Amino acid sequence: MKVLLTTLNAKYIHKNLALRWIFQARPNDCHVQLHEYTLKDDENRIVLELVEGDYDLICFSVYIWNIDPILSIVAKCRSCGLTCKILAGGPEVSYESSDLLERGFDALSLGEGEESVWEYAHMLIKKQSYEISGVMTKEHPNQTLRKTSLAFLETLDDPYFMDMDKEDMGQRYLYLETSRGCPYGCEYCLSSTDRSLRMFSLPYVLILLEKLSKSEVKQVKLLDRTFNADPNRALQIARFMNEHCKKQIFQFEVVAETLSEELLVFFETEADPKRFRFEIGVQSFHEPTLKAVGRIQNNARLQEVITRLSNANVVLHVDLIAGLPYEDKRTFQHSFDTLFALGASELQLGILKVLKGTALKKKQEDFGFVYDEHAPYAIRKTNWLDTLELSSIEQCATAVEKYWNKGACRFTIQTMLAKGWCDSAFVLFERLGEAYAKLPRPYAPQHFYQAFVTVFKELDAHHLISCLNMDYYRNKKQRPPHFHEDKCTKKERTKIKELAKAFGIASFDLDHYADMVYGYDSHQYGFLLIIYPHHEQIGKRWFVNESITEIKEWKE
């Protein structure tokens, strides 16, 4: 039997671990190929390759982000006369998906497919029809979710260092799992449907990490739902990563308030902060909301842990979810402002997705949920948030990503909040989001910064522009166009040049490669002097005080 394992990844740098596990579990009597596409690949080319591949079975790995294009591909394949069996597996088909059997698929793999997929293949080889645990067909519409023994998986060749991946190991993420399942019961999450936690043996994990340490992999993302579920085990693994995997950066999800003191101190004092990145799902600080979704959260301890990790310069990615029960705009703003003040590196503001199979979906009528019928099932209205409020929060989320997470205006935003120009981070980003939504598409970089000035008209324009210049002229290799009309006078430029020459900056550079704009640093307004080098390198910056009597190199 000729079998294809395939999917559409979000980007080339991503790899599908589920397909690699299934590939490593393949039986000898099946000729198996594994080929990944991306969402940007041409659908017609994919269809042509699938039709011309002459496969007996095609297996798709389906997620919330690729279900629609995969459905389109399958429909086109069928219209082109493809008659082979097509199976779909993955989180997006494991629940409430029997309708897919009417849309071009012959079978659905429910749960983990390392064994059930091949049992289905053998059934096809035998040309028989019988029930298989974890496989749904029209003839056998069972809904049992299959689990695979981790002890069995440990007997297989590992899926992390396959020959097909060796050539570009350094250019793509490596997804690693040291456990499956989650012990928590958050009702908006698919992991809450099965609260059993299974762990790969520690010797097995350490052998993998030893291999990893000798590889060219740079970015490692752990798929564990809760890395610190077993604190002692987590500490052993993290310590091994820190001591042996010197070339890799690790990213994992933790439940911050349950982080043991020993593990926390390790990341504060022993671990290299440049090589660890935490994902912390806060979701809300509103107690009625947390209770309604079955989330047990010690808010005081959570804030302490995030603050301590931030102070230790650990990269933190923290999440909030808008649209949860009992969370109106006022309480959501409080959650956002509380979390933002803790100093995490990145803040993701997500809109609730009402996922198939979750306990929250079953209570949708109680909470007045109105949401998109198609993936990603984003909430549009609740009993506590109307459509306009959720739309405003979505714009706020975009502004957080563009102006904060990407580092575009961090200095300005921090200064505005510190000086009290805006007393709520949420309101600041909400207003920015509204202005950003009105920008022309495509927009130039200067338009991006002009939006800032446009939306905060009540502020002193000179002071705001002085702060924005500190962000705008960062990391530029050549002089950018000005985004405002507040420019230094000829007299000011002459005095700055004289001071810079006395400081040792070459006259030639000042005459040919310099830019001078208003700036702000250390609670004082003044000027920013930038020298753009002869070659493609980032310009060097100096700050000059307002009276143009002092100059110093400016570093954030």
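In this text the structure is predicted, and so the values were computed from the model without any measurement.
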Next on the checklist: Check this for me: does any side-chain nitrogen of one of Lys211 and Asp158 sit under 4.0 Å from a carboxylate oxygen of the other?
Outcome noted: yes

Item to check | Note, Arg275 side chain near Lys246 side chain (heavy atom, < 4.5 Å) | outcome: yes

Checklist entry - To the nearest 0.5 Å, how far apart are OG in Ser72 and CD1 in Ile46? => result 9.5 Å

Item to check | Closest approach of Ala238 to Phe267 (non-hydrogen atoms, all atoms of both residues) | outcome: CB-CZ, 3.8 Å

Checklist entry - Do Arg277 and Glu346 meet the salt-bridge criterion of a basic N to acidic O distance under 4.0 Å? => result yes

Next on the checklist: Is the ring pair Phe483/Tyr449 parallel, tilted or perpendicular, if the boundaries are 30 and 60 degrees?
Outcome noted: tilted

Checklist entry - Got a second to check how far Asp230's CG is from Met199's CE, nearest 0.5 Å? => result 4.5 Å

Next on the checklist: Test side-chain contact (heavy atoms from CB on, under 4.5 Å) on Phe411 and Leu468; report intermediate values, then the result.
Outcome noted: CA-CA 8 Å; Phe411 178 84; Leu468 281 168; over 6 Å; no

Checklist outcome for this item: Smallest heavy-atom separation, Leu320 atom then Ser284 atom, equals CD2-N, 3.9 Å

Item to check | Sidechain N-carboxylate O distance under 4.0 Å for Arg198, Glu112 | outcome: yes

Next on the checklist: Would you compute the distance between atom OH of Tyr188 and atom CG of Leu352 and round it to the nearest 0.5 angstrom?
Outcome noted: 9.5 Å

Checklist entry - Does any non-hydrogen side-chain atom of Leu209 lie less than 4.5 Å from one of Leu176? => result yes

Next on the checklist: Determine whether Asp29 and His122 satisfy the following criterion, side-chain hydrogen bond (donor to acceptor under 3.5 Å, both in side chains), listing intermediate values before the conclusion.
Outcome noted: CA-CA 9 Å; Asp29 56 355; His122 279 148; 3.0 Å; yes

Item to check | Check ion pair Arg295-Glu187 (N to O, under 4.0 angstrom) | outcome: no

Item to check | SB check Asp106 Arg78 (cutoff 4.0 Å) | outcome: yes

Checklist entry - If you round to the nearest 0.5 Å, how far is CG of Asp319 from CD1 of Ile321? => result 7.0 Å

Next on the checklist: Please check if the number of heavy atoms outside Lys406 that lie under 6.0 Å from its NZ is greater than 12.
Outcome noted: no

Checklist entry - Between Trp404 and Phe429, what is the ring plane arrangement, given parallel below 30°, perpendicular above 60°, and tilted in between? => result perpendicular

Next on the checklist: Quick one about Ser191 and Arg225 (side-chain donor to acceptor, distance below 3.5 Å, no hydrogens or angles considered), yes or no?
Outcome noted: yes

Next on the checklist: The criterion is salt bridge (charged side-chain N to carboxylate O under 4.0 Å, His left out); which residues satisfy it with Lys147, sequence neighbours excluded?
Outcome noted: Asp194

Item to check | Salt bridge Arg541-Glu553, side-chain N to carboxylate O under 4.0 Å | outcome: no

Checklist entry - Roughly how far, to the nearest 0.5 Å, is the CD1 atom of Ile70 from the OH atom of Tyr37? => result 11.5 Å

Item to check | Row check, Tyr175 ring normal vs Lys221 NZ/CZ: under 6.0 Å, within 45° | outcome: no

Checklist entry - Do Tyr160 and Leu208 pass the side-chain contact (heavy atoms from CB on, under 4.5 Å) test, and can you show the C-alpha distance, the side-chain angles, and the key distance before you say yes or no? => result CA-CA 8 Å; Tyr160 304 107; Leu208 290 177; 3.5 Å; yes

Item to check | Salt bridge Glu36-Arg20, side-chain N to carboxylate O under 4.0 Å | outcome: yes

Next on the checklist: Could you measure the distance from the CE atom of Met241 to the CD1 atom of Ile237? Nearest 0.5 Å is fine.
Outcome noted: 6.0 Å

Checklist entry - Considering only heavy atoms from C-beta outward, does the side chain of Ile351 approach that of Glu394 to under 4.5 Å? => result yes

Item to check | Test log, rule side-chain contact (heavy atoms from CB on, under 4.5 Å), inputs Phe161 and Lys166 | outcome: CA-CA 7 Å; Phe161 305 99; Lys166 286 184 178 178; 5.6 Å; no

Item to check | Aromatic Tyr12 / basic Lys15 pairing, under 6.0 angstrom, 45° off normal | outcome: no

Item to check | Ion pair check, Lys356 and Glu92, cut-off under 4.0 Å | outcome: yes

Next on the checklist: Once you measure the plane-to-plane angle for Phe252 and Phe227, does it fall in the parallel (<30°), tilted (30-60°) or perpendicular (>60°) bin?
Outcome noted: parallel

Item to check | Residue list, salt bridge (charged side-chain N to carboxylate O under 4.0 Å, His left out) with Glu270, at least two apart or on another chain | outcome: Arg239

Checklist entry - Which class fits the ring pair Trp21 and Phe200: parallel under 30°, tilted 30 to 60°, perpendicular over 60°? => result parallel

Checklist entry - Should Glu257 and Arg308 count as an ion pair when the cut-off is N to O under 4.0 Å? => result no

